[in-house]
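Numbers here simply count residues along the sequence, with the first being 1.
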Amino acid sequence: MGIATIGAFAIGEYPEGVAVMLFYAVGEVFQSMAVTRAKGNIKALLDQRPDEVTIMENNQPKTIKAKETKIGDVIQLKPGEKLALDGELLSDSASFNTAALTGESKPDTKNKGEVVLAGMINMNSIALVKVTTAYEDSKLSKILELVQNATAQKAPTELFIRKFAKIYTPIVVFLAIGITFLPYFFVSDYLFRDWLYRALIFLVISCPCALVISIPLGYFGGIGAASRNGILFKGSNFLDSIAEIQNVVMDKTGTMTEGVFKVQEVSINSGFNKDEIMQLVNLLESKSTHPVATAIHNYVGEINYSIPMENVEEIAGHGLKATVNGKELLVGNFKLMDKFNISYDINHANIVYTLIAVAYDKKFAGYITIADSIKTDAKETVDNLHKMGVKATMLSGDKGTVVKYVADQLGIDNAFGDLLPEDKVNKVKEIKAKNQTVAFVGDGVNDAPVVALSDVGIAMGGLGSDATIETADVVIQDDKPSKIPMAINIGKQTKKIVWQNIILAFAVKAVVLVLGAGGLATMWEAVFADVGVALLAILNAVRIQRMKF
């Protein structure tokens, strides 16, 4: 553009030289406005945390730097204040605005003992929060890190355009020099000024501004639009990948169901003391982070830490094992009973609820039934996936009857229960073996391997494990499954806009290049072919940030 402007001035075409620079400058302004808007959506996430917090020290409030807060400190959160660290609510209840964190406008009421996350704003009364996670390890810190690194992961189209521009630009400059001087040897009425003017037109038309600006801007806008809706893409390449997804494979607990279990029934055999067994189960489950442990704790109450318990071991996909008073205690599913050759006399396949089997001293002691409720938007999620032509499959370590019941309620295409983590991996491999693309949605530690294997790994970020969030390509902040089809739609719309810009740029440039080569196009047409198309492409790319998903 610089060469073309200087050339236009050199041959006395001052209005056209000014037009090249003026429109180019206007294009740059539009581009920076669009980038600022997209960055604003992402920065809304990055500015979630206050620098200072008020902690309670000897029942007196004291203001300290948020980074200096230690685990165990109690934060006093006044109405309208934003929480700086993850913690546990000590007050009886409090309402929080989670809009900036999750995109959800409705206030979220938390009760005593529930987890509250950095970035939540206290709504009405003073709340006390006990810090459970270090400043740098909070969910928000991890999420911010992901967003800051997102622009480093480029989509294939974006990478191609960058490489293309690097090689293409010098070639175009040499061709323009050729257009200026070579006709001297072949044309009888050669006029230097005419051929220089044609070469300048060629240079302006050939400038790859529209592509180099609008394509990264399209992807950047997609990441920004997703961030505004509480969906975090770790790179623009995942916007491309998710747009092509044919199968969504999902975990059940915590993904399509609330992950909040309640004990329905406790059936302990007559040869055992029910209270004693439940105390043992409560103590053993306290060593686990599984939602089942919380349900049992809420049912039994205080944990008796005076019980001598040793050799606690978690057996993946089965349950927990420990030694109490020299006797073996097993708490888990019926596969755990089979593994340790414990005989039982109930037909567990007929019970719809999740079952926790208990064995003590090599004898079957009984079982506990636990139920989990389906998320309110789970059915809508599956319906929207089907409308997009995407198949839904559910894989779970939970009992087959429970998984089938949930799948039937939601209209899921295929459902498999009683799976170990390696079984989930094998099921995803089976789908990929058919040359089909797979997105896996999960939240637990045991989901990390299958999240890593899938074409696009999606983590539930609110309650999800750190391992799964680290491994995933996309993080849904508020754990709402309805954001899965929304993420696919954002990917599709971004890809559509990027390709619209590519086709528009190449089509207009091709037409004006032909006219320019024949001497039919002036610098004004060339300016439109480059800067005008770049402006149109930028405005088109900005559209994605205004779309409602």
Side-chain angles (χ1 to χ4, degrees), residues 155-156 222-223 225-226 229-257 374-396 403-404 406-416 419 424-443 447 450-461 464 468 471-499 544 547-549:
I223 291 173
N229 287 289
I231 304 164
L232 298 175
F233 280 88
K234 289 191 188 177
S236 49
N237 49 332
F238 302 119
L239 280 163
D240 265 4
S241 304
I242 205 165
E244 304 298 323
I245 287 301
Q246 295 162 291
N247 295 271
V248 169
V249 178
M250 56 199 76
D251 181 38
K252 179 182 76 69
T253 309
T255 302
M256 302 307 277
T257 64
I374 294 170
K375 287 184 181 176
T376 49
D377 57 342
K379 180 81 174 80
E380 173 201 342
T381 299
V382 178
D383 291 346
N384 286 341
L385 288 173
H386 285 154
K387 281 176 194 166
M388 290 176 171
V390 178
K391 280 186 191 165
T393 303
M394 183 182 280
L395 306 179
S396 176
V403 177
K404 188 179 183 311
V406 172
D408 289 347
Q409 295 285 305
L410 300 178
I412 285 171
D413 303 296
N414 301 302
F416 305 92
L419 299 177
K424 290 184 181 181
V425 169
N426 291 333
K427 290 286 179 193
V428 169
K429 280 181 178 172
E430 281 174 27
I431 299 170
K432 289 191 78 172
K434 298 173 189 168
N435 289 327
Q436 293 195 339
T437 49
V438 180
F440 183 85
V441 193
D443 70 324
D447 293 329
V450 72
V451 163
L453 171 75
S454 54
D455 296 291
V456 179
I458 304 173
M460 291 294 181
T468 309
T471 316
D473 309 313
V474 182
V475 180
I476 293 171
Q477 281 183 258
D478 57 3
D479 290 352
K480 290 197 164 183
S482 54
K483 297 283 174 80
I484 302 164
M486 187 189 283
I488 295 172
N489 193 19
I490 290 171
K492 283 182 185 292
Q493 293 302 327
T494 304
K495 200 167 184 184
K496 191 162 136 192
I497 281 172
V498 165
W499 277 103
I544 194 158
M547 285 180 184
K548 291 268 184 285
F549 292 101

Nearest heavy-atom pair of I223 and S236: which atoms, and what distance?
CD1-N, 3.9 Å
Could you walk me through whether K427 and V249 pass the side chain to side chain contact (heavy atoms under 4.5 Å, CB included) check?
CA-CA 9 Å; K427 290 286 179 193; V249 178; over 6 Å; no
Between N229 and A225, is there a donor-acceptor pair closer than 3.5 Å when you use the side chain of the first and the backbone of the second?
yes
How far apart are the closest heavy atoms of A392 and M250, and which atoms are they?
CB-CE, 4.0 Å
Reported CD1-to-CD distance for the pair I245 and Q436, which is rounded to 0.5 angstrom
10.5 Å
When every non-hydrogen atom of P481 is compared with those of A378, the smallest separation belongs to CG-CA, 4.1 Å
Result of checking M460, K375, M394 against T255 for side-chain contact (heavy atoms from CB on, under 4.5 Å)
M460
Quick one: CG on L239 to OG1 on T494, what's the gap to the nearest 0.5 Å?
5.0 Å
What is the minimum heavy-atom distance between Q493 and F549, and which atoms define it?
CG-CE2, 3.7 Å
Partners of E244 by side-chain hydrogen bond (donor to acceptor under 3.5 Å, both in side chains), sequence neighbours excluded?
K495
How many angstroms lie between NZ in K391 and CD1 in I412, if you round to the nearest 0.5 Å?
14.5 Å
What's the spacing between I497 CD1 and I544 CD1 if we round to 0.5 Å?
4.5 Å
Report the C-alpha separation of S241 and D455 in whole Å, then their side-chain angles, then the decisive distance to 0.1 Å, and conclude whether the side chain to side chain contact (heavy atoms under 4.5 Å, CB included) test is met.
CA-CA 7 Å; S241 304; D455 296 291; 5.7 Å; no
Output yes when a side-chain donor or acceptor of D413 lies under 3.5 Å from a complementary backbone atom of T393, and no otherwise.
no
Could you tell me whether a side-chain N or O of K432 sits under 3.5 Å from a main-chain N or O of L453, the two making a donor and an acceptor?
yes
Without swapping roles, check the side chain of T437 against the backbone of Q246 for a donor-acceptor pair under 3.5 Å.
yes
Of the non-hydrogen atoms in M256 and D251, which two are nearest, and what is the gap between them?
CG-O, 3.8 Å
Any donor and acceptor pair, going by atom type alone, linking the side chain of D473 with main-chain N or O of F238 inside 3.5 Å?
no
Supply the atom-to-atom distance I484 CD1 to M388 CE, rounded to the nearest 0.5 angstrom.
11.0 Å
Where the side chain of T381 meets the backbone of S482, is there a donor-acceptor pair that is under 3.5 Å apart?
yes
What is the minimum heavy-atom distance between I458 and A439, and which atoms define it?
CD1-CB, 4.2 Å
Verdict with supporting geometry, N489 and N384, side chain to side chain contact (heavy atoms under 4.5 Å, CB included)
CA-CA 10 Å; N489 193 19; N384 286 341; over 6 Å; no
Is the shortest distance from a Lys or Arg side-chain nitrogen in D408 or K404 to a carboxylate oxygen in the other one below 4.0 Å?
yes
Sole candidate of K387, K379, H386 that passes side-chain hydrogen bond (donor to acceptor under 3.5 Å, both in side chains) when paired with D383:
K379
Give, for atom CD1 of I242 and atom CZ of F233, the distance between the pair rounded to the nearest 0.5 Å.
4.5 Å
